[in-house]
Asker: 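Handing you a structure now.
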Amino acid sequence: MTDPDLPKLFEDPVFDDRAADPARPWTTTYRRVAHLGARTGSAAPLLAGGPADRQRLRDLLELTAMADPAAFHVLFLHQCMATGAALDFGAAPEDIAALASGRAVGAALMTEVGLGNSSAAVRTEAVYDPVAREFVLTTPDAAAAKYPPNVGMPGLPRLAVVGARLLVAGVDRGTCLFLVPLHDGDGASGVTVAPRPRTSLLPLDYAAVRFDGVRVPYRRWLADGASISGSGAFHDPLGDPRLRTARSVGWARFAWGAVTAGLAAAARAAVAIALPHAGRRATVDRWGVRAAALTRPNQQRLLFGAAARALAATEFARGITDTAWRLAPGGGRGTGLPARTMGELALVKTAVDALADEAVARCRSACGAAGFFSENRLVDYQALTTAFHAAGGDNQLMLLDAAWRMATGDDYTPPPAGPGPAAAAGSEPDWPLLLAARERALYTRLTSGLAAASAGGLDPSAAWHERLGLAEEFAHAHRTRVAVEAVAARWRRPGPSGGSGEQAVLPDLFRLLAVEAVLPHADWYAARGLLSGAAAEALDADLTAVCRRLLPQAESVTGLLEVPAAVVRGPLGGRDYVRDLTS
């Protein structure tokens, strides 16, 4: 963390949960966001600055996710989604200044209730009026209502980035982005914001939004290099409505850079709460033996495995920040990122969410009934990881899209055929090569099946949908292998002589992550001679041995998580959790 004073911002009384309104908790959420903005804001958005500014923004998002996942949700939409689109697609300086100053809270309105996550097929219309030189924004029917953005709190100035189908002289020009004020005093003219009932998890002011002839000035079209002349001639440097739509949907990259950071941070915070708590919590086994929970092998597997996943998620997330938040000087002007890079970022989003979700679930399980209550934060972290199974792009659909691109495109090279002779029990297998062997086998099955279906005259869509299960399995295998490879180089590299205990535990955390990836498919590896039978049977004992080695190093594992004590609150994080839970 570049600024050691950032964690102190979360010591303010506004972060005391007892101050929250239980009926309308989002009122406290927005006060917290305003508090952070007032103390970290600048004349220009942090996203537009240099590496140090982007690092500061990522640190702020990580800490906010640890302290209050709902506030993180609001903050990343404002700082990254709305501000990112404004910067990348060429908003007017005064609108960028309004977002940077916090005079308006940014929001993102792309998805529509009738088509769910199909952002490429929005039906909200922006019809160009050449006389007024404005755009008329209209929701054609209820199915095209924007749902469910968190914009339902009245009286709070909101500046939303809205995705709409641009029509110029009756011609569809693809999906474009527009800046639209949603609340101006008692509400902007023509905007209907219908608040939805309070939700239990990640409670915010969710709403459905409709537009009825809303007038949008020409300057608030995020034109991205496109233009309409005074005579009505339309020009787009992309030259194709489909490319314009893809470019507009690509705005999601600003979310992926932020969301992955927040999810990984929430996972680390969950482990930082649950792992020390397991060392303090007394348990009694069936034989009446009293001992700390962490001395039990089942707790060790849960929590050290959670730590490995949280740290792997962090490696992944921090590795994409610069790419996801890259800004071209003066706006993108139709450039964006290559499709292959967008696909890689999408896959990282799904990987980080899966790793973080399992890490938090393990921590909740290890804490028993106490993990269910919001005062201990874990269920709130789980709400965040669960929300992003679908928010920011549906994980399953993005995995299937990745499988399609790898199976039919030119950007993917299958991994090597196999790791060579089977590793004997007691020797160290090459874990990434083992995982690569299964990925390649699934790839071969998928592509040969598609080829056979094509040769038999089966429609490509039908052939693909008949193999969705195999395609998803292949994408999971690829994602798992990439995750293990991503951390292998750093985690298996020996630390400096006399290095910290924190660095010394990394090789065992890597081994834990790798063994748990291979173990569910041990029979597959043994049947193909990639692991000897004895080595396959020994994998479970390997996990026990790794956890036993990590047990005396639990404090070092916690130290790796980079979770400031001032940020994470709740009884389970305290030394006297019994008193804190009962007073």
Asker: So that I can tick it off, tell me whether Asp88 and Arg253 are bridged by a salt bridge, with the cut-off set at under 4.0 angstrom between side-chain N and carboxylate O.
Answerer: yes
Asker: For the residue pair Leu450 and Leu446, establish whether any side-chain heavy-atom pair is separated by less than 4.5 Å.
Answerer: yes
Asker: If we ignore hydrogens and angles and just use 3.5 Å, is the side chain of Lys349 paired with the main-chain N or O of Phe388 as donor and acceptor?
Answerer: yes
Asker: Taking ring-ring contact (aromatic ring centres under 6.0 Å, His included) as the test, write out the residues that go with Trp325, two or more places apart.
Answerer: none
Asker: Counting only heavy atoms not in Asp212 (residues, nucleotides, ligands), do more than 12 fall under 6.0 Å from its CG?
Answerer: no
Asker: Using the test salt bridge (Lys or Arg N to Asp or Glu O under 4.0 Å), find all partners of Arg215 that sit at least two apart in sequence or belong to another chain.
Answerer: Asp129, Glu134
Asker: The criterion is salt bridge (Lys or Arg N to Asp or Glu O under 4.0 Å); which residues satisfy it with Asp401, sequence neighbours excluded?
Answerer: Arg405
Asker: If a pair satisfies ring-ring contact (aromatic ring centres under 6.0 Å, His included) and one of its residues is in residues 222-267, list it, with sequence neighbours excluded.
Answerer: none
Asker: Could you tell me whether the side chain of Thr111 and the main chain of Tyr147 form a donor-acceptor pair under 3.5 Å?
Answerer: yes
Asker: Testing the 3.5 Å rule here: is there a donor-acceptor pair between the side chains of Tyr128 and Arg133?
Answerer: yes
Asker: With sequence neighbours excluded, what pairs up with Asp357 under the salt bridge (Lys or Arg N to Asp or Glu O under 4.0 Å) test?
Answerer: none
Asker: Checking Asp141 now: which residues fulfil salt bridge (Lys or Arg N to Asp or Glu O under 4.0 Å) with it, not counting sequence neighbours?
Answerer: Arg123
Asker: Would you check if the side chain of Arg309 reaches a backbone N or O of Ala356 as a donor-acceptor pair within less than 3.5 Å?
Answerer: no
Asker: What is the minimum heavy-atom distance between Arg247 and Thr335, and which atoms define it?
Answerer: NE-N, 4.2 Å
Asker: Kindly write out the residues that satisfy side-chain hydrogen bond (donor to acceptor under 3.5 Å, both in side chains) with Thr314, not counting sequence neighbours, or none if the list is empty.
Answerer: Arg268
Asker: Treating Gln382 as the side-chain partner and Ala361 as the backbone partner, does any N or O pair qualify as donor plus acceptor under 3.5 Å?
Answerer: yes
Asker: Could you pull out all donor-acceptor pairs under 3.5 Å where a side-chain atom in residues 65-82 meets a protein atom, sequence neighbours excluded?
Answerer:
unit_1	atom_1	unit_2	atom_2	d
Asp68	OD1	Ala70	N	3.0
Asp68	OD1	Ala71	N	3.4
Asp68	OD2	Arg32	NH1	2.7
His78	ND1	Gly106	N	2.8
His78	NE2	Leu99	O	3.0

Asker: Can you list the residues that meet the ring-ring contact (aromatic ring centres under 6.0 Å, His included) rule with His478, with sequence neighbours excluded?
Answerer: Tyr412
Asker: Would you please name every residue forming a side chain to side chain contact (heavy atoms under 4.5 Å, CB included) with Ala160, sequence neighbours left out?
Answerer: Ala107, Leu109, Val162, Leu182
Asker: Looking at residues at least two apart in the chain, or sitting in another chain, which of them share a ring-ring contact (aromatic ring centres under 6.0 Å, His included) with His35?
Answerer: Phe15
Asker: Checking Tyr381 now: which residues fulfil ring-ring contact (aromatic ring centres under 6.0 Å, His included) with it, not counting sequence neighbours?
Answerer: none
Asker: Does either side chain, that of Glu344 or that of Thr341, offer a donor lying less than 3.5 Å from an acceptor on the other one?
Answerer: no
